[in-house]
Amino acid sequence: MDVTVAPETTQETHISISGVSKTFQTRNGTVQALQNIDLNIQKGEFVSVLGPSGCGKSTLMMLLSGLDTVSTGRITVGKKHIDKPNPDAGVVFQQDVLLEWRSALQNILIQAEIRKSDMGEATERARQLLKMVSLQDFENAYPKELSGGMRQRVSICRALLHKPPLLLMDEPFGALDAMTRDQLQIDLLRLCSESDMTVFFITHSIAEAIFLSDRVVVMSPRPGRIEKIIDIDLPRPRRLAMREDPRFIEYTRELTDIFKSLGVFREEY
Amino acid sequence: MAVLAEPTATPAARGNPVLRILGKVSPSAWSLLVILVLWELSVRIGNVPAYMLPAPSQIFQEFIDYGHRLLPNAGVTLFEVLLGFTLSVLISIPLAVLIVYSRPIERMIYPLIVSSQTVPMVAVAPLLLTWFGYGMTPKIVIVILQTFFPIVVNTVMGLNSASREMIYLAKSMGASNWQVFWKFRLPQALPSIFAGLKLATAMSVIGAIVAEFVGANAGLGYVILVAGASFNITRQFAAIILIILIGVVFFAVLEQVEKLAMPWRRIAR
């Protein structure tokens, strides 16, 4: 399955971030959100960015999607230099941002409407996506009628409708309860396994980052820098039981130690 | 009044068939009935003369005797209300869109709009009469002046209520400004727009009556003025009831339109 699209086998750089910094002007002066970020991501790779609040990880996603522009440095996705919104990517936020006036199916189809794609084909694909996340019986439900986890699944389907080569996710499961979160992680991996899509996933959960990723990028706050990049050498398909795997526990310990050394965790009391 | 209430039966009325039928009549109809009965009784028992306070039965008689003159005048007022309201909507919503999309226009127009609302319409009405004569025009203008404020303010609020993420999402799909407006902002604004329109219905009736008071030769405001000059309190009451009816029916019709326009709002969580 996914093992075939692991980064080692397809040595093709998909995303290249070089020397990227980002500063914001606020009332209290200039704030540096990101400092000198260098990162290359291979085609089909699942990369998580892990860090505490305020480490600029969301800013990095805004830059990658082209919704915001770099202060210095350069970002390319595929062959494209990113300096304006890049409609090739699929985007998922922490809030599901479903449109209350549209049914689940219509919410997914807005992607096709905006892109003026073939609606027949899009509808078929949308139904197929809904089925993959077990929501086939809810295509006519309004967002109001769906639970938080179901809503976020619809929003992921929406992001995937146009088969984007790149999926950008900003703490998509951050607002969900732990059990729903486990299920959605598996749903996401299932959706990813159908293509060689590159995933850029932002989270502040150590376990989530390890469970999902090929590589975990650890960021430290103020200003946001890349502290360390860790390869996650766990087989795919991933299973929930792998969270008890000694290697998984070792990764957890390693990442926790990094955050301890950064002062993100302080244990004395 | 009865048209305003939701057709919900109280839980207590479920068992007993008599209670069930009584429960189908809306609570506001019951309170109205009680008020009318108390009114009728107190006028009769207290021997209140009709030139002070006519009984409901006397007002009803007035409708029968004088209906042929009351109804055409009600028609005039209704026409002023509907035409003024329609024109007001056609002016106010585009104006709100301009305000939302153009900072300079917002800064130029918004203070004027707000200050225009501090001027009582009775103070402006004589001026308009001087300019436009005794005909329909000054009434329509006053209805517009009276109603555009709630529509503009609520529409502006509604159009601004799309979240930052929603706009990001639209942009990430490559949506044009027109698509952002048409597919995201406008539907998101609908609940607020309807709130403004509903406020405006009441204002439109008030505007028409005020205008007729200042100078007219037809309409319910004119009827009240003429009846007042000859101390015909019963006729004044009859005219007031027609004014209330126009306002309430207009409001109820708009509420139905609102339900049709936003079917997703009817779904209870």
Side-chain angles (χ1 to χ4, degrees), chain A residues 58 61-68 82 84-104 106-117 122 140-148 151 155-156 158-162 164 166-172 175, chain B residues 6 8 89 93 96-97 100-101 103 154-198 254-269:
Chain A
S58 294
M61 193 193 96
M62 291 296 288
L63 297 178
L64 269 178
S65 60
L67 291 166
D68 205 345
I82 301 296
K84 59 176 189 301
N86 172 19
D88 291 345
V91 180
V92 179
F93 298 100
Q94 181 169 0
Q95 289 86 24
D96 48 68
V97 210
L98 293 187
L99 310 177
E100 297 294 330
W101 55 92
R102 283 170 169 257
S103 69
Q106 289 174 319
N107 259 291
I108 299 173
L109 287 175
I110 188 148
Q111 183 80 259
E113 284 172 38
I114 298 291
R115 291 164 193 279
K116 303 200 165 69
S117 343
N140 292 320
Y142 284 114
K144 237 179 165 179
E145 303 170 277
L146 302 174
S147 70
R151 292 176 63 120
S155 105
I156 295 171
R158 176 179 60 195
L160 295 178
L161 183 73
H162 58 299
L166 170 63
L167 179 61
L168 301 169
M169 307 184 93
D170 188 358
E171 294 184 34
Chain B
E6 296 287 334
T8 48
V89 171
I93 293 185
V97 173
V100 168
Y101 275 90
R103 189 99 182 97
N154 280 282
T155 306
V156 166
M157 195 179 81
L159 289 173
N160 281 330
S161 70
S163 68
R164 214 176 37 169
E165 282 83 4
M166 191 181 285
I167 304 301
Y168 284 159
L169 178 81
K171 292 280 173 200
S172 77
M173 295 176 181
S176 64
N177 285 336
W178 172 250
Q179 285 176 319
V180 172
F181 173 75
W182 194 245
K183 295 209 178 268
F184 295 85
R185 286 192 144 178
L186 189 62
Q188 176 75 21
L190 272 184
S192 297
I193 293 175
F194 270 102
L197 294 181
K198 287 199 281 188
L254 204 75
E255 228 173 27
Q256 287 309 311
V257 174
E258 182 184 25
K259 278 186 185 160
L260 289 175
M262 300 188 288
W264 66 91
R265 289 214 120 200
R266 257 181 293 176
I267 286 146
R269 232 214 113 148

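Chain identifiers are assigned alphabetically (A, B, ...) following the order of the sequence lines, protein sequences preceding nucleic acid strands; residue numbering begins at 1 within each chain. Only a predicted model underlies this, so the values are computations on that prediction, with no experimental measurement involved.
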(request) Specify the closest pair of heavy atoms between A:V97 and B:L169, including all atoms of both residues, with the distance to one decimal. (result) O-CD2, 4.0 Å

(message) Need one label for A:E100: side chain, backbone, both or neither, based on atoms under 4.5 Å from any heavy atom in chain B.
(response) both

(message) Looking at chain A, which one of B:S176, B:S163, B:A175, B:S172 has the largest number of heavy-atom pairs inside 4.5 Å, strictly under?
(response) B:S172

(request) Look up atom CH2 in B:W182 and atom CD1 in A:I114, then write down how far apart they are to the nearest 0.5 Å. (result) 13.0 Å

(request) Could you check if a side-chain atom of B:W264 sits within less than 4.5 angstrom of a side-chain atom of A:P143, using non-hydrogen atoms only? (result) no

(message) I'd like to check A:W101 versus B:Q188 (side-chain heavy atoms, cut-off strictly below 4.5 Å). Are they in contact?
(response) yes

(request) For each of A:H162, A:Q95, A:Q94, A:R158, tally heavy-atom pairs with chain B at distances under 4.5 Å, and name the one with the top tally. (result) A:R158

(message) Under the salt bridge (charged side-chain N to carboxylate O under 4.0 Å, His left out) definition, can you give me all pairs with a residue in residues 167-187 of chain B, not counting sequence neighbours?
(response) A:E113-B:K183

(request) Give the intermediate values and the outcome of side chain to side chain contact (heavy atoms under 4.5 Å, CB included) for residues A:V91 and B:M173. (result) CA-CA 8 Å; A:V91 180; B:M173 295 176 181; over 6 Å; no

(request) Please look at B:M262 and chain A and tell me whether the side chain, the backbone, both or neither of the residue comes under 4.5 angstrom of a heavy atom of that chain. (result) neither

(message) Using every non-hydrogen atom in the two residues, find where B:E165 and A:F93 come nearest and quote the distance to one decimal.
(response) O-CE1, 3.7 Å

(message) Working to the nearest 0.5 angstrom, can you tell me the gap between B:I167 CD1 and A:L67 CG?
(response) 11.0 Å

